[in-house]
Amino acid sequence: MKRKLILLALTAALLLLWGCAGQTADAGDTEDLEEDLIVVGVCQVGAESDWRVANSESIKAVFTEENGYQLLFEDAKQKQENQISAIRKFIQQKVDYIVLMPISETGWDSVLQEARDAGIPVILVDRMVDVEDESLYTAHIGSDFEAEAALAVDWMEETYGDDPVNIVHLLGTVDSTAQLGRTEVLEEAVERHDNWTILTQLEGDFTQAKAYEVMCGYLSKGSTDIHVVYCENDNEAYGAIEALEEYGYTCGEGGVAVISFDATGTCLNLCLEGKIALAVECNPLLGELVEEVIQTLEAGDTPAKHTYVEETCFTRGDLTEEFIAERAY
Ligand code: GYE
């Protein structure tokens, strides 16, 4: 009887130990979270462009331990499935907030529902999501991509008037808010202007390498009368210029007018040099605005559903070396 009791006690002790071990394993993902800090899980698109790098830096500069945050930063390498698994990981880790820069607009309903079920507010940054239920995200901070594109359209109207405008259109990552907005406004303008023609639409995926590749592919088919190359971001513009010059085109005065979106440092220098005709600004410095939303939520208040940053555009005459050097991106 005594032996039986000892055995039972031992088994119970073992089971207890096992249970504890199990608990630590479950909690394993959260064990390195700091209790006194606000834990923010950021799910970034990737590092495809200068804009994106500046955007990540602006987030990292704000969510520091000194400011009271623990930042968990995931780079999804331009893949939506990586973003979805990162969000699931953040949910398991029980972060306080999820900040998502969604690569594309569609395909978010279920994972955002999972975040909501776990009680974690989701803040969208830069791009938007197209979901049935708008309450699946708490707030959105970013650019008005249609307003940006309208600046480019205005410039083309003023520059070309009734003259013919043959356009090569380099699209950004397809189904991203930035691509959809910048494309829609251009396409609508082309419909309104009998003298405007889109010669071709090529997918540049917001990268220099892809834009160079598709542009070379197009130019290799023979020379055309190109007036404008409408690039949906700076890095595409760099790739396009490289390809155009390789195929004997001149970019700038008397040659092809390259239009670019973002207006990051290299782009502005190319604009000052005359190789980029129009640089439309897209502000990547969104970190502080994200923090404001989080602080509003921490105070128990409701933040604005959408916050848009103000943006402008530049031509050569607007720029000086000093102005470019002083800009933060
Ligand atoms: O224009 C591009 C980046 O969504 C605003 O994504 C962003 C765009 C930006 O890769 O450079």
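We count ligands from 1, going down the list as the structure has it; atoms in each ligand are counted the same way.
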Checklist entry - Listing by chain and number, which residues have a heavy atom under 4.0 Å from ligand 1? => result Glu48, Ser49, Trp51, Arg52, Asp126, Arg127, Phe145, Ala178, Arg182, Phe206, Asn233, Asp262, Cys282
Next on the checklist: For Asp50, is there any backbone N or O sitting under 3.5 Å from a side-chain donor or acceptor partner on Asn233?
Outcome noted: no
Checklist entry - Is any side-chain N of the basic residue among Lys210 and Glu203 closer than 4.0 Å to the acidic one's carboxylate O? => result no
Item to check | ring pair (Phe, Tyr, Trp, His ring centres under 6.0 Å) contacts touching residues 253-273 (sequence neighbours left out) | outcome: Tyr230-Phe261
Item to check | Summary of ring pair (Phe, Tyr, Trp, His ring centres under 6.0 Å) pairs that have at least one residue in residues 115-135, sequence neighbours excluded | outcome: none
Checklist entry - Within 45° of the axis and under 6.0 Å from the centre of the six-membered ring of Tyr238, does NZ or CZ of Lys275 qualify? => result no
Next on the checklist: Run the side chain to side chain contact (heavy atoms under 4.5 Å, CB included) test against Glu311 and tell me which residues pass, sequence neighbours left out.
Outcome noted: Ser143, Glu148, Glu281, Cys282, Asn283, Val309
